[in-house]
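A note on names: the letters A, B, ... follow the listed sequences, proteins ahead of strands, and every chain is numbered from 1.
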Protein chains: 2
Amino acid sequence: MMPEDRSTRPLNLERLAASDRVAGALSLAIHEHRLAPGTKLGEDEIGEVYGVSRTIVRAALQRLAHNQLVEIQRNRGAFVAQPSQQEAREVFEARELLEPRTALMAASRATGSDSDSLRAHSAKEHAAIAAGDRGRALHLSGQFHTEIARIAGQTVIAGFIATLIARSSLIIALYWRRESALCESHAHHALIEAISAGDGATARDLMRSHLVDLHTALDLRQTATPARTLKEALLSPESQA
Amino acid sequence: MMPEDRSTRPLNLERLAASDRVAGALSLAIHEHRLAPGTKLGEDEIGEVYGVSRTIVRAALQRLAHNQLVEIQRNRGAFVAQPSQQEAREVFEARELLEPRTALMAASRATGSDSDSLRAHSAKEHAAIAAGDRGRALHLSGQFHTEIARIAGQTVIAGFIATLIARSSLIIALYWRRESALCESHAHHALIEAISAGDGATARDLMRSHLVDLHTALDLRQTATPARTLKEALLSPESQA
DNA sequence: GGACACAACATTGTATACAGTTTCGTACGG
DNA sequence: CCGTACGAAACTGTATACAATGTTGTGTCC
C-alpha cells in the first residue's frame, strides 16, 4: 500500500484563517504597547480597520480573551486587559518557577542552529533599541523568552510561558517603574552564551536573576492604571486626595 | 404563556452566554468519557442537540480548541483531541512539577470550609464509584485537583493546572492500562487529611507520589487510539496484519 | 437647578444566508 | 477488477440581518 494514507499531513496552514490574522495583529499591537490597557475594542471599528466582518473580529477577540490579553464583558464589549497587582505578582512568580527550569533544559538541548536563532533574535532586539522603537524592543524581548522555551522542547510548559509573557507585556505597560529602558540586552546576551555553551546551571541562574530583576523593576504598590474610561479614572481610589 | 417561559430552567441563564453552556456541556461529556478522543463534532449536529445556531457552537468549539480538548482542522471540522504519547508525558511531567508545590501551599492556607469542601467532594467521588459511574468518578477526581489549586490561592498556576487536568482526562481515555479502576480514592483521602492538618510537606509528598502513581498507570509505549470514524479505524496502521 | 423617566441611539448577541472547500458516490476507461 | 475523473452532497468559512441589551440625550416634575 501507499506509505501515505493519512499520516502525511499537508497541514493547510499556508492559508491561515482570517481571524488568526486579526488576532495576531491585535496581539502584536498590545505587545508593542500601541494599545494601552483598558482601551475599548469595538467590533465594528476593528472590522473596518482590517476589512473583515464582525464574525471574524469576534472570533479574534474571543481568542485574545482566552489568552487574557483582553477582557470581554457581556453586552458591553472587549477591552484590553488590566492585570491587577495581585495577578502581576502571580505571573512573575510563575515565571520564576518555570523559566529557570526551562533555561536549564534549553542549555542541554540547544543545537547550533538554535544558538544562531537566539543570536539573530538578539540582533533584532538591539536594532529595535537603536531605532528607539521601545514597543518593538519589548515585544522582541518577550519573544526571546518564548524562543528559549521552544528550544527546551517542553511544548506544554512552553505554552504556559508564552501565556505568561503575553501577560507580562500588559503588566509592564501598567507597572513599569524604571526610566532606564530595556536594561535586559546584556542579560539576554549572557543567557545566549550559557545556553550555547551547554552550561545549564549558569543558564538557570542567569534566568532566575534576570526575572527577579524584571520583577523588582515593577512598582506593584500603587495602582498605576491609565484608565481609559473617564468614569474609571474618577472612581479610582487615589482621586480623593 | 410568558410566565411559563420564564419559569423554564434552560432560560434561567441570567448572565451566562449560550456558548458557555454549550462549551460546558461538551467539556463535561469529554471529561466523563462519553465523547471519545477522535470523535467528529459536527456543528449542525451539536447545534441541533442544544437548540442553538452554529454561531454559538462555533464559539464553544473554538474555546474547547484553545483548551486543547478538541482539535479544529480548517475546512474539515472539530474532533475530540487525541494527545500523542509525547504530549501525555509532558502533561504529567508538568503536573508533577506544579501540583506538589500547589498542595504545599494549599496546606498552609486551607480554612475549615476548604476542608469541608474537599471532604464533600470526596464523598461525591465515593458515591459515583459506588454507583458504578466511572466517567463521573473520573471527572470528580479531576475536579478534586482543581479544587486544591484553588485553595492554594495561586490563580495563575491554578489555571494551568486546570488545563493540564482537562488534558489528563483525554490521556487517561487513550492510555489507561490498569483494570483496577479509581485506585485514587484513598490517595485523595490522605491528601485531604494532610491539607486539613496544615501539614504541607506531607501534602506535597502525597501529591507527588499520587501523580507518579497515575503516570505509571498509563501505557505510553504503543498507540491506543480508539478511532471513532470507521474509515479511521480501517486505515489505522495496525489493522493490516 | 437637580433628579428621575423615557426615548433615541449605539453596540453586542444570535440566527440565517451564501460562498468555498472537502468528501463521497458514481461512471468511465484501463 | 482496479484506478481515475467528475459531480453532487455535506460541511465549514464568512458576511449580513435581526433581536436584545446597554448607553446617552432630552424633557418633565419636584
Among [options], which nucleotide has an atom closest to any side-chain atom of [X]?
X: B:Arg58; options: C:dT14, D:dG13, C:dT12; answer: D:dG13
X: A:Ala18; options: C:dT16, D:dT14, D:dG13; answer: D:dT14
X: B:Arg76; options: C:dT22, D:dG22, D:dG13; answer: C:dT22
X: B:Asp44; options: D:dT21, C:dT14, D:dT12; answer: D:dT12
X: B:Glu43; options: C:dT14, D:dT21, D:dG13; answer: D:dG13
X: A:Ser53; options: D:dT12, C:dA15, D:dT14; answer: D:dT14

(request) Return the 5'-most residue of the pair A:Asn75, A:Gly51 with respect to DNA chain D, ranking by each residue's nearest nucleotide. (result)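 That would be A:Gly51.
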Please report, rounded to the nearest Å, how far the [atom2] atom of [N] is from the [atom1] atom of [X].
X: A:Ile72; N: C:dT11; atom1: CD1; atom2: P; result: 17 Å
X: A:Arg74; N: D:dT23; atom1: CZ; atom2: C1'; result: 17 Å
X: B:Glu48; N: C:dA15; atom1: CD; atom2: C1'; result: 15 Å
X: B:Ile56; N: C:dT12; atom1: CD1; atom2: C1'; result: 12 Å
X: A:Gln62; N: C:dT12; atom1: CD; atom2: C1'; result: 13 Å
X: B:Gln73; N: D:dG13; atom1: CD; atom2: C1'; result: 15 Å

(message) For the CD atom of B:Glu125 and the CG atom of B:Leu138, what is their distance to the nearest 0.5 Å?
(response)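 B:Glu125 atom CD to B:Leu138 atom CG measures 9.5 Å (nearest 0.5 Å).
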(request) With rounding to the nearest 0.5 Å, note down the distance linking CD1 in A:Ile46 to CD1 in A:Ile56. (result)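 Taking CD1 in A:Ile46 and CD1 in A:Ile56, the distance rounds to 12.5 Å.
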Close side-chain approach of [X] and [Y], heavy atoms under 4.5 Å:
X: A:Arg89; Y: A:Gln85; answer: yes
X: B:Leu218; Y: B:Trp176; answer: yes
X: A:Leu220; Y: A:His215; answer: yes

(message) Ignoring hydrogens and geometry beyond distance, is the side chain of B:Arg54 in donor-acceptor contact with the base of D:dG13 at under 3.5 Å?
(response)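 Such a pair is found, so the answer is yes.
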